[in-house]
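Remember, it's 1-based here, ligands and their atoms both numbered in the order they're listed. Residue numbers run from 1 in the order of the sequence given. Just the heavy atoms: all of them, side chains too, but no hydrogens, waters or symmetry mates, feed the values below.
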Amino acid sequence: MATESSDNTAAATVGTDDEFVRPIDPGQYNVPDWEAVAGPAAADPQAFWEKEARELEWFEPWDKVLDDSDAPFFKWFTGAKTNIVHNALDRWIDGPRRNKLALIWRSENNKETRTLSYYSLNREVNKMANIIRSMGIRKGDRVTIYLPRIPEIFYAMLACAKLGAVHSVVFAGFSADALRDRIDDSESKLVITADGSWINGKIFKLKDIVDDAVRHAPTVENVIVVRRTGHEVQMDPLRDHWLHDLETLPIANGRCETVAVDAEDPLYILYTSGSTGRPKAILHTHGGYMVGTYSTFKYVFDIREEDRYWCTADPGWVTGHSYLVYGPLLNGATVFMFEGGASYPYPNRWWQLIEHYGINIFYTAPTAIRSLMRFGDAWPNRHDLSSLRILGSVGEPINPEAWRWFHHVIGKDRCPIMDTWWQTETGMFMITPTPSVPLKPGSGTRPFFGQEAEILDDAGNPVADGDEGYLVLKNPWPSMLRTLYKDDQRYVDTYWSKYPGKYLAGDSARRDKDGYIWVIGRTDDVIKVSGHRLGTAEVESAFVSHPAVAEAAVIGLPHEIKGNAIHAFAVLRMGYEPSEALRDELRQHISEHLSPIAKPDGIEFVESLPKTRSGKIMRRVLRARAQGLPEGDLSTLDD
Ligand code: PRX
């Protein structure tokens, strides 16, 4: 294998290159045949993207489709003026989709439903935009959104975009420390949150976390609070405002104009984990991101007027941004959002919702499929899932066993699975089938239209078919990240310096004899836990913020449900003794100081960590030790 420190080879993506699953009737899909689009797009990617862009509305046209004069700082649709909200909402209001459902929302307790037509969603977004405008939010200002899966997260994101303000959504499971870092780094003036969220019937106190985070955040002037759980919270009379109070003010009423922005103006930043310490702030823009999410959603999910589409991702992650909020609305689709999780109170919750709402397209993550599969076929078999037409998977490699279960038990062998490989950075699907493409369980098939992927060895040479190497993308694409916010150098170093001119994805992959790509896992110090992206450095720094820990190293170990689980090695400070109680305390500490998703499964107390002479932790050795495997070449080990 060409790659060095793959931390994520867990989900055992050993599918077989010869196992084709062919569509029952490729002609049933409205989207054109793959080859008919792929051929011309390969010959002229810019012409393909220009054609896609023409399906959207622009206030002023572009001078150039792609400006690569300052690569890798690529620009798309330069000179054009638009606003993603104009295309996601405004343009539907005066047409036949005015009364079509944009959003159907169901509460975790199963007792509340909210349905919003495009007209109603637009009204709520206008209201929110008027309110935040009255608080001084203008084009370019950053707003942190820390909300659960409730309709207000749509209003908040779209209201920011409407004004040209830059949203920074932080997943409402991150700790006060993580939230504070993200608020500080983005210099947000406003935070939009809720009193709490519902998690498995219990209240998770979001407002308390926000209070903790903004106490020392000098940039925050206002906090808007949505009442969701109704428990008592502290309200700072000068800083904090209930949304339902603000909504009664005259200022909230009426239309709020959608601000015309440059295609290259920022739309949002989204923090994600990287190899080294600080999370990276991925920056996306209005024009190119709009074209990329619109086009990929249309082709891959074969979206139809009457469809009901459900993406189980949280809006706090990129999948929620691109394929819960923007991509579907840009296509005028009906989106379903569920507040709760997959198996509370029973493991049939999702299947029951699919039946109840007649969901046609269902997009979820391998970890969820694996966890539901464990409960057996009887749960889904209690429900009529015949409305399903297309399934989707994202976030990590899907192991063929889970793929087959999803295909057979949920999709009744009728529904193709769109295994979409992409990243926070790419903004849109990069390796993905369309519904008429022959599939192979465990492979995302081929790069999307206009894209070319390569698998390279360390020196930059393409590896032979079947061999593993570094996955790179060759062509710029419209929804690519533009930079890392406030850190252009790190953008260049991370993605463009290993192989100049090519985008380094950070994944290892192999290509088979049919040109199908099999993504294996990360090559850097990123661990995918239940599809969530965590950096080893972030978890390690949460460890050493505990007084007992002098030094820590974490690795990912294969886990049947989560794909990878975090396994930690901790060196204790003088005066502390290893114990089960300390182990529990450290787990709790990580949960509170980073996020419950980062909670380590295993913690080993050790005397020292294996390091190279230059002081780098040898994770490879730790992984071997944890799994009881041979430790390999130890010649570079210090000591
Ligand atoms: O390792 C790949 C994995 O998730 C990484 C990107 O994580 P994130 O930025 O959090 O975005 C996740 C949602 C798009 C990738 O580098 N990954 C994502 N989708 C797949 C995948 N690995 C294999 N197959 C996929 N379909």
Side-chain angles (χ1 to χ4, degrees), residues 3 6-15 169 171 269-275 279-282 284 292-293 296-297 300 311-324 326-327 363-369 391-400 402-403 406 417-433 439-448 453 468 470-473 479-481 484 494-495 503-510 516-535 538 556 562-564 595 597:
T3 53
S6 184
D7 238 329
N8 267 46
T9 46
T13 359
V14 240
V169 181
F171 172 63
I269 48 186
L270 184 55
Y271 289 87
T272 190
S273 301
S275 288
K280 301 186 286 194
I282 308 293
H284 284 293
T293 53
T296 46
F297 184 80
V300 173
C311 165
T312 64
D314 192 280
W317 311 106
V318 75
T319 306
H321 281 57
S322 297
Y323 298 108
L324 181 63
Y326 290 112
Y363 187 37
T364 190
T367 185
I369 300 166
L391 302 173
S393 171
V394 62
E396 55 180 317
I398 177 162
N399 46 313
W403 196 102
F406 196 31
I417 299 176
M418 302 297 101
D419 180 358
T420 60
W421 177 88
W422 59 294
Q423 308 176 298
T424 308
E425 289 87 340
T426 70
M428 67 176 215
F429 306 149
M430 300 307 292
I431 299 174
T432 177
L439 306 171
K440 298 188 190 189
S443 164
T445 74
R446 287 168 292 179
F448 187 72
E468 188 177 337
Y470 294 95
L471 174 64
V472 301
L473 301 169
S479 68
M480 63 199 301
L481 78 165
L484 296 176
T494 310
Y495 306 105
Y503 172 84
L504 179 73
D507 279 0
S508 68
R510 66 182 179 85
Y516 279 42
I517 292 171
W518 300 75
V519 172
I520 293 154
R522 300 288 308 187
T523 57
D524 53 8
D525 296 327
V526 167
I527 308 176
K528 278 271 165 158
V529 180
S530 300
H532 299 309
R533 182 165 160 178
L534 293 168
E538 284 166 274
K562 301 183 199 177
N564 298 278
S595 167
I597 50 188

Does some non-hydrogen atom of G444 fall short of 4.0 Å from ligand 1?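 False for this residue.
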
Whether G506 lies under 4.0 Å from ligand 1, heavy atom: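 Contact absent.
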
After noting the C-alpha distance and the side-chain angles of T420 and Y363, does the key distance pass the side chain to side chain donor-acceptor pair (under 3.5 Å) rule? CA-CA 10 Å; T420 60; Y363 187 37; 2.6 Å; yes

Just distances here: any N/O of [X] and N/O of ligand 1 closer than 3.5 Å?
| X | result |
| --- | --- |
| K528 | yes |
| V318 | no |
| R533 | yes |
| T272 | no |

Within the 4.0 Å heavy-atom shell around [X], which atoms of ligand 1 are there?
| X | value |
| --- | --- |
| D419 | 24 (N), 25 (C), 26 (N) |
| T424 | 8 (P), 9 (O), 10 (O), 11 (O) |
| W422 | 6 (C), 14 (C), 15 (C), 18 (C), 19 (N) |
| V519 | 22 (N), 23 (C) |

Could you tell me the separation between the OG1 atom of T445 and the CG atom of D419, rounded to the nearest 0.5 Å?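 Spacing of OG1 (T445) from CG (D419) equals 8.0 Å.
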
T293 side, atom OG1; M428 side, atom CE - distance, nearest 0.5 Å: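 The distance works out to 9.5 Å.
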
Among Y516, W518, W421, which residue satisfies the side chain to side chain contact (heavy atoms under 4.5 Å, CB included) criterion with I431?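 With I431 as partner, side chain to side chain contact (heavy atoms under 4.5 Å, CB included) holds for just one option, W421.
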
Run down the list H532, R522, H321, K280 and name the one with the heavy atom closest to atom 16 (O) of ligand 1.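 That would be R522.
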
Have a look at ligand 1 and work out which part of I431, if any, has a heavy atom under 4.0 Å from it: side chain, backbone, both or neither.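 I431 to ligand 1: no contact under 4.0 Å from either part.
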
Criterion salt bridge (Lys or Arg N to Asp or Glu O under 4.0 Å) against R533, the qualifying member of E396, E538, E425: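 It is E425, the one option of E396, E538, E425 that forms the salt bridge (Lys or Arg N to Asp or Glu O under 4.0 Å) with R533.
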
For G316, is there any backbone N or O sitting under 3.5 Å from a side-chain donor or acceptor partner on H321?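 No; judged by distance alone, with no hydrogens or angles, the pair does not exist.
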
Describe, in one word, how the ring planes of F429 and W422 are oriented to each other, choosing from parallel (under 30°), tilted (30 to 60°) and perpendicular (over 60°).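 If you compare the ring of F429 with that of W422, the planes turn out perpendicular.
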
If you take the centroid of each ring, where Trp contributes its six-membered ring, are F297 and Y326 closer together than 6.0 Å?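 No, the ring centres sit 6.0 Å or more apart.
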
